[in-house]
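Remarks on the structure that follows.
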4 protein chains.
Amino acid sequence: MSTGSNFGKLFTISTWGESHGEGVGVVIDGCPAGVELTEEDIQIELNKRKPGKSIFSTPRKESDKAKILSGVFEGKTTGTPISIIVYNNNQKSKDYSEISRFYRPGHADMTYDMKYGFRDYRGGGRSSGRETIGRVAGGAIAKKILSTLNIKLTTYTKSIGNIPTSKDFDENEIWKNDLCIPDKSCVEKTENYLLDLIKDGNSCGGIIECRVDNLPSGLGEPVFDRLDAELSKAVMSIGSIKGFEIGNGFSASELTGIENNDFYRYENNVIEKESNNAGGILGGISDGSRIVLRAAVKPTPSIKTTQKTVTKSGENIDINIKGRHDPIIVPRAVIVVESMVAITLVDMLFRNVNSRIDNIKKIYSEPQ
Amino acid sequence: MSTGSNFGKLFTISTWGESHGEGVGVVIDGCPAGVELTEEDIQIELNKRKPGKSIFSTPRKESDKAKILSGVFEGKTTGTPISIIVYNNNQKSKDYSEISRFYRPGHADMTYDMKYGFRDYRGGGRSSGRETIGRVAGGAIAKKILSTLNIKLTTYTKSIGNIPTSKDFDENEIWKNDLCIPDKSCVEKTENYLLDLIKDGNSCGGIIECRVDNLPSGLGEPVFDRLDAELSKAVMSIGSIKGFEIGNGFSASELTGIENNDFYRYENNVIEKESNNAGGILGGISDGSRIVLRAAVKPTPSIKTTQKTVTKSGENIDINIKGRHDPIIVPRAVIVVESMVAITLVDMLFRNVNSRIDNIKKIYSEPQ
Amino acid sequence: MSTGSNFGKLFTISTWGESHGEGVGVVIDGCPAGVELTEEDIQIELNKRKPGKSIFSTPRKESDKAKILSGVFEGKTTGTPISIIVYNNNQKSKDYSEISRFYRPGHADMTYDMKYGFRDYRGGGRSSGRETIGRVAGGAIAKKILSTLNIKLTTYTKSIGNIPTSKDFDENEIWKNDLCIPDKSCVEKTENYLLDLIKDGNSCGGIIECRVDNLPSGLGEPVFDRLDAELSKAVMSIGSIKGFEIGNGFSASELTGIENNDFYRYENNVIEKESNNAGGILGGISDGSRIVLRAAVKPTPSIKTTQKTVTKSGENIDINIKGRHDPIIVPRAVIVVESMVAITLVDMLFRNVNSRIDNIKKIYSEPQ
Amino acid sequence: MSTGSNFGKLFTISTWGESHGEGVGVVIDGCPAGVELTEEDIQIELNKRKPGKSIFSTPRKESDKAKILSGVFEGKTTGTPISIIVYNNNQKSKDYSEISRFYRPGHADMTYDMKYGFRDYRGGGRSSGRETIGRVAGGAIAKKILSTLNIKLTTYTKSIGNIPTSKDFDENEIWKNDLCIPDKSCVEKTENYLLDLIKDGNSCGGIIECRVDNLPSGLGEPVFDRLDAELSKAVMSIGSIKGFEIGNGFSASELTGIENNDFYRYENNVIEKESNNAGGILGGISDGSRIVLRAAVKPTPSIKTTQKTVTKSGENIDINIKGRHDPIIVPRAVIVVESMVAITLVDMLFRNVNSRIDNIKKIYSEPQ
């Protein structure tokens, strides 16, 4: 398929829905039969992207209740498509009527008009952050699959604006604060920074890091569908992400070969690396060590401060965007990044199976 | 297709070949009929990635003569697959025999073995930089198509190690020096830095920037096949690239909303942006302004300095990689980045056609 | 995507849902923006596959009300995914409980168990005919697009059992009788044949023909995605279809070259064919004349007559399938065949656009 | 990929080349590492489609020597793309120059012009039967993989014109005669029929049957990528094939349910079917019994008899096609059908692996 609303090749998600339509949803196809799955499994993940948790995110109350419509029978996946829907209950179209006539800076209003000739302007329509609900639901299933192989993802806020938030790292802290910060001692400073931005009607960006542990080696399909290339597309497909890097990333460009190469050593008959500058991927293939990747998130474009823009009818105007908006997207995007990484990993796990004829023989040699 | 050696959906390249096999090649499918094309068009681009131009790249003489085997008739493309081959003439297998038994740090030797159980170890086999010949040949055709629409790409070395190389920018300088540096005044300093690295048997990385001008608005297929996501995958699929960013990229994470948003203004009845922090893409769709993207290149892993590694048979050893190797990949990768961007843009141009029913009517309403 | 629940490449449908789950649905992606679309457009087509119209189809009352959940705004498609749902209201699970333990001959019960390890056995689960609701909804949209180009499909029952039903052909008759027979004079004989089968608790098959008029030439992507090959897959993907042919089809195998070749003649400066044995396709590409294809439908496997089968637990048993079942699937499959053909044609229309560089120039040369 | 010159999703072939260009070739991607493969394996299969074996096929001597350019190292596949080329040695362009100005009835001359605006007219260009060389080479590799799982294909000429050729069936006879007839007693009668057609400058069609034994159950991806649907596309993608059927095929349309259903019985604790009217596939999924499919081949369009046609410049003319041409394509198409079936089966074997989570656990639970 060459349409744009689906992701993955063997484990796939197809999202649909607009901010103020009937609902948003996702169809997950390629999920193997036999995975235990409940609506609660999905709901736990969806709650992680829920707004309204604190003053740092928009107080709109979204119920975001996930309903599984197909593909699960007697508590297990059947191997057929899993359709999940979240109805749009709390959307007030009137709040958004004004934006039909002008283009908000930093939003997709203008480019959707350029591409399609017109757009569903209510609440951002298809380009709304609500679209990520389907990704997170798909990610919930992907993580169920990964957990059967003991693969673990840890994703968190690495910096907010220019404030680093992970000097000390305690993974148990991440979901205890509203900002997904793994270092308790950094929370207060960051909160104060955000409170100041809110006063100014301004916003800021940040960096999200994702780590994957216990991933088997061999994932990634040379030469184009490298694991790092696929992860990059997965993460860059999320709105507001402007950069992606793996391992040392951009800082590798300033290092020398002797500094950046990871040396190998046998430790107890297992090959270990003395460092992990590569972030767990060489030649586009996972090497069995930790995957480390980062995403750069731009500042929320919806700000209260006066901005210059244009109307569709040809005027130059000044606008002040109404309503309460998140001064920062980063904490809500953490679970979205994790979901897209999880979906990609399942897809690449499945794709790698056919890399050796011995795997095929193993599957078909004995009666199922 | 879910195999890994093809790229693109409507305009596609499929590369094949190993460093020391019979040759390397590419099949381009989806090229429309009627594009004027000669072997010289391909050769000009291939020569831009040729090694042996200077002391800063490996002196191996690769003839790299492109031969078109199909898809072109009487000087024009026929709409059928274009097969291009470059024979491997100058490869000496004996030089590489030793590396069959150990894993070079920073190379794909170990991960290929992990994935496939064994590998063609001669000269890196499939993971060799020679594989990019097919990409550059495909890029040459993509650029022929882009030029019919007046779309222009400019790609250059933005930094080498921690030395910025584009304070002044003169696009005519880029292909006049061996390092693809657009600022004449930066060449000498950079060369001296590299000469020192060569003396030390070391290497370094750098950053490549690509700019696209005159690209139509509307390219990019929400929500997953965003233009930035597709460009990211294209660039990250090149060996040694560890990071990708668009517009302000990672630095956007440190800005506030008022700093990062691009304001719109009508100038002579055309919508202009007062800045281009977004790098020409909003909501995953091109906005008609310049596309700006950057790729971080890691230091060449092949270095003469002693390194620690392991053999397949279980020993910890020290190695010194023989032969002359590029102290820097960046200048040779410039044309590869440009090629992958060009291929992606053609693909997205073709995919965007179906976004409006009026386009379809325009094509089929009149006899062809 | 390599999962099995989606069809098409540029205009795609993804169906989901089981017979006795929450509902069945479809996501249509790749529909251009600007197509006028209402729920009524969908409903008209769904009603054509509705059971309960006569004694010749199962009297279960399925409401089958289509609801559009996304992708349409102010009466027009937006270019984003169109999600359509039909809730399952009238399904009684208790009726189907017995079939959980044995395999119905001619059904997919056993093969689903073989593939997935277990199955949703209620009403056939995923292999139920209800899955075709999504196909028909997708077909409704495809036909809206085709109609803007004046392309017309005519599909009908060509034979039932060994009774030909189209000696005289009046397209206006097709949807006037419950059997989709275009020849009024054949209806009574056919009905009597079916009444006899019902008395015997037996069933029968038949042949469906589809004709496409005003299709542009040039559709079909050599060498594998030929128009006939794609149509074949589309039609053979429908349950109970066991054969497909184009033009003269199987009878061409008994003809000689001079009999089967279609000769060309200029008539008023337009190339005409003196015959259409090829069914409108040569070399896998439409030639601008009428497309003619046929599908062979097997007898309904659900019959009341005693049949021999096995239980999962290892017994040989005799069964009598309870409930009322259609003695013939053909009339209800007519609209499904038409829908799959329509979807394929839209997909191939879109794919053909890129076959000439002049088309690309036509789209991008002028501001949209 | 949505271009037309590739086939398969996990095991793929991409063919390229024209009849009178430099050569024809194929890139096979997705072949697992570790399959033993030599050029001789390919050559044996290519020789089965070689013309010039007898008076019943064109006496042009095509050397058709296959050369493997990549993807094989030390006698085994490496998991990377396998590129195979056959150079065009024996093509004389002068013989074909006349056909540049008119359209041969039954050929793709006109439709290629309609689609692409012009064509490589030499020897049929891309639509030449020489394109199938790549398919047969791909099929050779597919059969190597199938043989490791003990899966066996038997393909033969079932009828020529209206003469049945398989009353008695001896698979050892198939490749002993030039017509791939499995019944020795039918050879003479068929040969005489063809000799008469040659005298008349005429040609005929026929039917090819393919049987697959020992195929595992579970192959086929509901609901669109059914095994029968995928096989149908594979076979219908071959030039000159006008119909496809599985099991009872078109004759099922004339049967009743009680006649057509296959009953199950346990024999020695294994489920057996009392008949195989379904041809080994139920609900689009293989049931573990023999697959039986048939393809209808049209008469060779190249005939010496006078035919009416048109020139590109607007004249109605009579033509007599020069040169010696096969009076029948069927025998040479037998190996092409078998190859396409083999490729499809490997693809579907690979795709089915992910249908159960237990398969995934089996692959990744133990170190490779």
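Everything numeric in this text was worked out from a predicted model, so none of it was measured. Naming: A, B, ... by sequence-line order, numbering from 1 per chain.
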Would you mind checking which part of C/K76 comes under 4.5 Å of any heavy atom in chain A, side chain (CB onward), backbone (N, CA, C, O), both or neither? both
List the steps and the verdict of side chain to side chain donor-acceptor pair (under 3.5 Å) for A/S237 and A/R135. CA-CA 11 Å; A/S237 79; A/R135 303 180 185 222; 2.9 Å; yes
With A/Y103 as reference, evaluate A/T309, A/D113, A/D109 under the side-chain hydrogen bond (donor to acceptor under 3.5 Å, both in side chains) test and give the passing residue. A/D113
Could you tell me the separation between the CD1 atom of A/I82 and the SG atom of A/C31, rounded to the nearest 0.5 Å? 4.0 Å
Option in C/G25, C/S83, C/G4 with maximal non-hydrogen atom pairs under 4.5 Å from chain A: C/S83
Counting heavy-atom pairs under 4.5 Å with chain C, the top scorer among A/G125, A/G23, A/G71, A/P32 is A/G71
Chain A shares the most heavy-atom pairs under 4.5 Å, among C/F11, C/Y112, C/W16, with C/W16
Could you pull out the closest heavy-atom pair between A/A140 and A/E45, with the gap in Å? CB-CG, 3.6 Å
Engaged part of A/I68 at the chain C interface, taking heavy atoms whose separation is under 4.5 Å: backbone
So what's closer than 4.5 Å to chain C heavy atoms on A/R119: side chain, backbone, both or neither? backbone
Which word best sums up how the rings of A/F73 and C/Y121 line up, parallel for under 30°, tilted for 30 to 60°, or perpendicular for over 60°? perpendicular
Is any NZ, NE, NH1 or NH2 atom of the basic residue among A/K9 and A/E230 found under 4.0 Å from an Asp or Glu carboxylate oxygen of the other? no
Looking at chain C, which one of A/A33, A/G30, A/G117, A/S5 has the largest number of heavy-atom pairs inside 4.5 Å, strictly under? A/S5
